[in-house]
Asker: 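Below you'll find the structure I mean.
Computed over heavy atoms, backbone and side chain alike; hydrogens, waters and symmetry mates excluded. Remember, predicted model here, so these are calculated numbers, not experimental data.
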Protein chains: 2
Amino acid sequence: MGKSVEIICIGNELLIGKILNTNAQWLARRITALGLGVKRITVVSDDTSEISSITGEALQRTPDFIITTGGLGPTFDDKTLQGIAEALNIPLQVHEEALKMIEKKYQRYVDDGVVRERIELTRPRIKMGTLPKGAIVLPNPVGTAPGVILKQNNTTLVILPGVPPEMKGIFDKSVMPILKEVSRGVTFYETSMSITGIMESDIASIIDKAMRDNPQVYIKSHPHGSEGVPHLELHFSTTAQNSNIAKKNVSRALLQTTELIQAKGGKTKSIKPDSKA
Amino acid sequence: MGKSVEIICIGNELLIGKILNTNAQWLARRITALGLGVKRITVVSDDTSEISSITGEALQRTPDFIITTGGLGPTFDDKTLQGIAEALNIPLQVHEEALKMIEKKYQRYVDDGVVRERIELTRPRIKMGTLPKGAIVLPNPVGTAPGVILKQNNTTLVILPGVPPEMKGIFDKSVMPILKEVSRGVTFYETSMSITGIMESDIASIIDKAMRDNPQVYIKSHPHGSEGVPHLELHFSTTAQNSNIAKKNVSRALLQTTELIQAKGGKTKSIKPDSKA
């Protein structure tokens, strides 16, 4: 039912574990809340052929959207547009609108008086406005490099910077409205309950039964204690045509599961009775 | 030079953004510090065919190691071993040693008096000891499900649970010694400096020059401020045959970059003069 999304995060700093991939979680949460489904998240290095490969692989799986983060800045290792252009076999060219956006940013920095020298459109700055042919630019409300949209057959590529406030700024301003439009009211709904006094291995058959009886609801157990001192979180989630149906489906599964667990001597407690992603 | 690793994280909770992928960062940091290189990190859902697909894809890229996290527990949605067995075309069978480990865990839980009923080896519990044929088991010092090692041509698959303390416990006890052995003293070294008073777009040419002159060192700029109020982190890293060479290479690149930045009016400050991952 829901539209599908692949997330691709580009950056050596993620592969050496220098930073946590908070961008992927933020995007996954937002996209899920908007009623779309994230099918895969991939992290690759700042390498043109790696970026080109993963773009080609993801396109073959024909998701509705591919959202990338990272590699749009002015330095030599910002290679995302080059890699994507290669994968799509499209030339890169200076995009007049993008270049104007960038020029304006630097003009503002001069006017603010923070930077004293005259700012010229040097090669690294022009690079941020050199986009695959046919690109649509998304203004960057926070930083300099604009976001980019490209269409390839039935997949829309959304190319965002890696600096979190810039990525979030462009997403909320320009990408969220597009995803909202295509998801047509489809809603994700989730809730969790905390369970004590029963082991995860004893709950397996209960989840099996509840999921058979509630096929629209996904139930997943997350052990927080250990099997010896059992403390579990059971997470219920669904995606439905609207929020009423979603809530009704989750509530029914929750009620049934609660009864089955209590019958086995477990104790249940609602964690987030009404949370939405 | 360094051995290559792919990380595969399995779990719907990562794709809906319910949790941050701290496992991937922890592993990436550990693996990098041990002198190996993480080439790709992929997150897929708790779905047998997804797990089988990504395993097959990763094997085709012939990394030295594939390390997976998640999906080893007792519930129905723990499908990692099934997916990997499918990809490798190997049958699943009860592994006597693994089953004994699991039985012992439950016996201990009973002896500790925390759980009062007699613990039987129910189907969900036997499931944790049902492994692809030819598997080597890695004891789980924290939880119940053991880790698994499988060899396929020149790739070693290391299959770890998703619960962080269990994953870390098995890694440090059983996986680290193997990686240390194969990396034969190869060392990763990194250091960072903080730069103010110069824009990222103005530093691009300096990084270009320093990387041309120091081909073993990777230099990456991370903008922390904005282009208007520039505040950058420059991260220097290298992997070398031993730590002396690694430090020497990074120091030389650091010195040259510092001089070039100061000549352009930028201010530099060492952030972590001697940090190791």
Side-chain angles (χ1 to χ4, degrees), chain A residues 12-22 24-30 32 38-46 73-77 105-106 108-109 112 114-115 122 124-125 142-144 163 188 190 199-201 203-205 207-208 211 218 220-223 226-229 235 237 277, chain B residues 12-22 24-30 32 38-46 73-77 105-106 108-109 112 114-115 122 124-125 142-144 163 190 199-205 207-208 211 218 220-223 226-229 235 237 277:
Chain A
N12 291 8
E13 66 276 18
L14 294 164
L15 292 178
I16 63 172
K18 179 172 159 48
I19 62 161
L20 250 173
N21 196 350
T22 55
Q25 187 199 19
W26 189 90
L27 281 172
R29 203 152 176 78
R30 270 287 205 286
T32 305
V38 177
K39 298 303 172 199
R40 217 185 245 223
I41 300 168
T42 311
V43 181
V44 296
S45 67
D46 300 307
T75 62
F76 87 99
D77 56 359
K105 289 275 173 184
Y106 285 108
R108 188 169 58 74
Y109 296 148
D112 289 352
V114 183
V115 178
T122 51
R125 287 175 191 137
V142 180
T144 308
V163 180
F188 175 78
E190 62 179 342
M199 284 183 175
E200 191 184 22
S201 50
I203 248 171
S205 63
I207 300 177
D208 275 0
M211 281 191 67
Y218 194 83
K220 180 149 186 175
S221 59
H222 299 281
S226 67
E227 280 278 279
V229 189
H235 180 257
S237 63
Chain B
N12 291 9
E13 64 278 18
L14 294 164
L15 293 177
I16 63 171
K18 178 171 159 51
I19 62 161
L20 248 172
N21 196 350
T22 56
Q25 187 200 18
W26 189 90
L27 281 171
R29 203 154 176 77
R30 270 287 205 282
T32 304
V38 177
K39 300 302 172 199
R40 217 185 246 225
I41 300 167
T42 311
V43 181
V44 297
S45 67
D46 300 307
T75 61
F76 88 99
D77 56 359
K105 288 277 173 183
Y106 285 108
R108 189 169 58 72
Y109 297 147
D112 290 352
V114 184
V115 178
T122 50
R125 287 173 191 139
V142 181
T144 308
V163 180
E190 62 178 341
M199 283 182 175
E200 191 184 23
S201 50
D202 278 325
I203 248 171
S205 63
I207 300 177
D208 275 359
M211 281 190 68
Y218 194 84
K220 180 150 187 178
S221 60
H222 299 281
S226 68
E227 280 277 278
V229 190
H235 182 257
S237 62

Asker: Check each atom of A:L27 against the heavy atoms of chain B and say whether the ones under 4.5 Å are side chain, backbone, both or neither.
Answerer: neither
Asker: For A:S205, check side chain to side chain contact (heavy atoms under 4.5 Å, CB included) against everything at least two apart and list the hits.
Answerer: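 In terms of side chain to side chain contact (heavy atoms under 4.5 Å, CB included), with neighbours along the sequence ignored, A:S205 is linked to A:K264.
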Asker: Select, from A:L14, A:N12, A:L20, A:T22, the one with the greatest count of heavy-atom pairs under 4.5 Å involving chain B.
Answerer: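 The residue among A:L14, A:N12, A:L20, A:T22 with the greatest pair count is A:L20.
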Asker: Does any heavy atom of chain A fall under 4.5 Å from the side chain of B:I19, the backbone, both, or neither of them?
Answerer: backbone
Asker: Of all residues at least two apart in sequence or in a different chain, which pass the salt bridge (charged side-chain N to carboxylate O under 4.0 Å, His left out) check with B:K220?
Answerer: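 So B:K220 forms a salt bridge (charged side-chain N to carboxylate O under 4.0 Å, His left out) with A:E13, A:D46.
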Asker: For B:S221 versus A:T75, what's the shortest heavy-atom pair and its separation?
Answerer: OG-CG2, 3.3 Å
Asker: Which bit of A:N21 is near chain B, if near means a heavy-atom gap under 4.5 Å: side chain, backbone, both or neither?
Answerer: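 When you check distances to chain B, only backbone atoms of A:N21 fall under 4.5 Å.
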Asker: Any idea which heavy atoms bring B:A28 and A:G17 closest together, and the distance?
Answerer: CB-N, 3.6 Å
Asker: Roughly how far, to the nearest 0.5 Å, is CE of A:M211 from CG of B:D77?
Answerer: 7.0 Å
Asker: Could you tell me which non-hydrogen atom of B:R125 sits nearest to which non-hydrogen atom of A:S201, and how far apart they are?
Answerer: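 Minimum heavy-atom separation between B:R125 and A:S201: NE-OG, 2.7 Å.
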Asker: Looking only at heavy atoms, what is the nearest atom pair of B:L15 and A:V38, with distance?
Answerer: O-CB, 3.3 Å
Asker: Got a second to check how far A:I16's CD1 is from B:Q25's CD, nearest 0.5 Å?
Answerer: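 So the gap between those two atoms works out to 10.0 Å.
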